[in-house]
> 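Pasting a structure here, questions to come.
These figures come from a predicted structure and were not determined experimentally.
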Amino acid sequence: MCACAKPWAMIMLFGKAGLITRFLLGIYDNNIYGYWGIVIVQTLTFFPVCYMMLKGLLKNIDPSMEEAARDMGASRWKVFTTVTLPLLLPGLGNAFLVTFIESIADFANPMIIGGSYDTLATTIYLQITGAMDKQGAAAMAVVLLCITLAMFAVQKYYLERKTAATLTGKASRARMLIEDKSVTIPLTILCALMAIFVIMMYLCVPIGALFPTWGYKFTPLTFKWFQQVFTRYRGLKAFRDSFVLSLIASPITALLSMIISYLVVKRKFRSKGFIEAVSILAMAVPGTVLGVGYIRGFANGLFHTGILSGIYGTGLILIIVFVVRSLPTGTRSGISALRQIDKSIEESAYDMGADSLKVFTSVTLPLIKDSFLSGLVTAFVRSITAISAIILLVTPSYLLITVQINEFAEKGAYSIACAFATILILITYGAVLLMNLFIKRFGTSRITKEAE
């Protein structure tokens, strides 16, 4: 779901005229705006990123390692803390870093549901768009950058040291699922409650687009807002521009991520550290700060020299921003996956006479296939739902969905914004569904099943 849509869903469910608070519980004086509203919305916004990053890592853990620990008398908790968790630690560190930076740089959620609670990201945005104070915004951007760089240093120099590699590189057979009811029943209830809550939030967005007004009196359903999206507000151009730019950026991002990850983990050369630092530098740079940097650096050419001034305001700079913003996520996911593969696997292929290209295509690539495909769809979803970095760079030449959603939300036209968000949800959900079907058909899970 687009980050801009979740605050409206929270307001429609728990606001003063919310379905749950007003019409089910009869509560009239609640206040969803502020600190806790931001915390809840941002948690729901960014936990799918962690899920997608950790899903591929869990698939690559050989179940025989956990079963061996169980056969030696270890409890499930002992197996988790001594076997599973060490293998997941790099991925957990990467997921924490990504979500922290995304959260601290997010301004769409705090702007809509934050109320009087200010964040650095929203203040930077308002300094540029409202006060026209680029210097003040740049100063606050430096403060925000220092915070994220500090967290980046903690992740890189502390968590990365606590890594472990699997012995076989991928699951040799299908995992035996836990059937203990003392474990499955509580987890099923917890996941079901969370799923119901998320589904309710998803449903609130299209419902908000189907009502002429939302609040104290519900009127008959209407499709006029969806019609106006395409007839009055140039919705077709917005969706076409967003889709095309994201479709161009996502394969570039996935390919670069795979190449950089392979070079960093599997090759030794002098500039290896420099390439790794540059590839993941944007991870430590919040989107708002990146947008300010591109404005200061390219509005009048490269550092006011006139060089590359032609790319400012074009689709090229938006594609560059999409790639730069998504590259660290794909790179870190690829590095985590490659570090789980013990080097003895590739050394065995070399000993049998295979060259580097053959080893990469026949050994390494199949083991990181799922991570690559996940990185591809993650790059597409992140690009088409991006808002913090491109909100300061987009021009009238290009209409992007998220910018349109934010614009109508600021004007108070929530029904139109919900209509845009509904179509965006369908696009992103369709992309994730296609990825899951593709991985199920061609991924490593299919290979494992065939090997049984």
> Let me confirm one number: the CZ-CG distance from Arg240 to Leu247, rounded to the nearest 0.5 Å.
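The CG atom of Leu247 is 14.0 Å from CZ of Arg240, to the nearest 0.5 Å.
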> If we ignore hydrogens and angles and just use 3.5 Å, is the side chain of Ser261 paired with the main-chain N or O of Thr331 as donor and acceptor?
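Confirmed, Ser261 side chain pairs with Thr331 backbone.
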> Within a 6.0 Å radius of atom NZ on Lys78, are there more than 12 heavy atoms belonging to other residues, nucleotides or ligands?
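12 or below, so no.
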> Check step by step if side-chain contact (heavy atoms from CB on, under 4.5 Å) holds for Ile390 and Tyr398.
CA-CA 11 Å; Ile390 54 95; Tyr398 288 88; over 6 Å; no
> Please round to the nearest 0.5 Å and tell me the distance separating atom CD1 of Ile259 and atom CG of Leu255.
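Going from CD1 on Ile259 over to CG on Leu255, the span is 4.0 Å.
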> Distance from Leu376 atom CG to Ile252 atom CD1, nearest 0.5 Å?
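Rounded to the nearest 0.5 Å, the CG-CD1 separation comes to 11.5 Å.
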> Would Leu120 and Ile147 satisfy side-chain contact (heavy atoms from CB on, under 4.5 Å), going step by step from the backbone distance to the final call?
CA-CA 11 Å; Leu120 272 173; Ile147 296 174; 4.3 Å; yes
> Could you check whether any side-chain heavy atom of Trp36 comes within less than 4.5 Å of a side-chain heavy atom of Val39, counting everything from C-beta outward?
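Yes; the side chains approach each other to less than 4.5 Å.
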> Over all heavy atoms of both residues, which pair between Ile32 and Met10 is shortest? Give the atoms and the distance, please.
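Scanning both residues completely, I find the closest heavy atoms to be CD1-CE, 3.8 Å.
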> Does any part of the side chain of Leu424, heavy atoms only, come nearer than 4.5 Å to the side chain of Thr402, both counted from C-beta?
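A side-chain contact under 4.5 Å exists here.
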> Is a donor on one side and an acceptor on the other found under 3.5 Å between the side chain of Ser242 and the backbone of Ile401?
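Yes; judged by distance alone, with no hydrogens or angles, the pair exists.
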> Between Thr428 (side chain only) and Ile425 (backbone N and O only), is there a donor and an acceptor less than 3.5 Å apart?
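Indeed, once roles are kept as given, a pair shorter than 3.5 Å links the two residues.
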> Nearest 0.5 Å please: distance from the CZ atom of Phe420 over to the CZ atom of Phe230.
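Here the interatomic distance stands at 7.5 Å.
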> How long is the gap from CD1 on Ile185 to CG on Leu190, to the nearest 0.5 Å?
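Taking CD1 in Ile185 and CG in Leu190, the distance rounds to 13.5 Å.
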> Assess whether atom OH of Tyr33 is packed by more than 12 heavy atoms of other residues, nucleotides or ligands within 6.0 Å.
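Open.
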> Restricting to non-hydrogen atoms, name the atom on Phe322 and the atom on Ala249 that form the minimum distance, rounded to 0.1 Å.
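So the two residues come closest at CB-CB, 3.6 Å.
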> Identify the two heavy atoms, one from Ser257 and one from Leu327, that lie closest to each other, and give their separation to 0.1 Å.
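Looks like OG-CD1, 3.4 Å.
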> On a heavy-atom basis, which atom in Thr385 and which in Val381 lie closest, and how many Å separate them?
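Heavy atoms only, the tightest pair is OG1-O, 2.5 Å.
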> Rounded to the nearest 0.5 Å, what separation is found between the CH2 atom of Trp225 and the CG atom of Leu210?
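Interatomic distance, Trp225 CH2 to Leu210 CG, rounded to 0.5 Å: 11.5 Å.
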> Would you say Asn109's side chain and Ile38's backbone share a donor-acceptor pair under 3.5 angstrom?
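Such a contact is absent between Asn109 side chain and Ile38 backbone.
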> With under 30° as parallel and over 60° as perpendicular, where do the rings of Phe408 and Tyr233 fit, or are they tilted in between?
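Perpendicular.
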> Might you point out which heavy atoms bring Ser397 and Lys237 nearest each other, and give the distance in Å?
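Answer, listing the atom of Ser397 first, then Lys237: O-NZ, 3.3 Å.
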> Are more than 12 heavy atoms from other residues, nucleotides or ligands located less than 6.0 Å from atom CZ of Phe47?
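For Phe47, atom CZ is crowded (more than 12 foreign heavy atoms under 6.0 Å).
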> Considering all heavy atoms of both residues, which atom of Gly315 and which atom of Leu245 are nearest to each other, and what is their separation?
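That would be O-CD2, 3.9 Å.
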> Could you go through the side-chain contact (heavy atoms from CB on, under 4.5 Å) check for Ser103 and Phe46 one step at a time?
CA-CA 8 Å; Ser103 178; Phe46 300 123; 4.0 Å; yes
> Determine whether a donor-acceptor pair (N or O, by modelled atom type, separation under 3.5 Å) exists between the side chain of Thr122 and the backbone of Asp118.
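Judged by distance alone, no pair lies under 3.5 Å.
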> Does Phe380 offer a backbone N or O that forms a donor-acceptor pair with the side chain of Ser250 under 3.5 Å?
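Such a contact is absent between Ser250 side chain and Phe380 backbone.
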> Can Ile40 and Phe14 be said to form a side-chain contact (heavy atoms from CB on, under 4.5 Å), step by step?
CA-CA 12 Å; Ile40 296 173; Phe14 302 101; over 6 Å; no
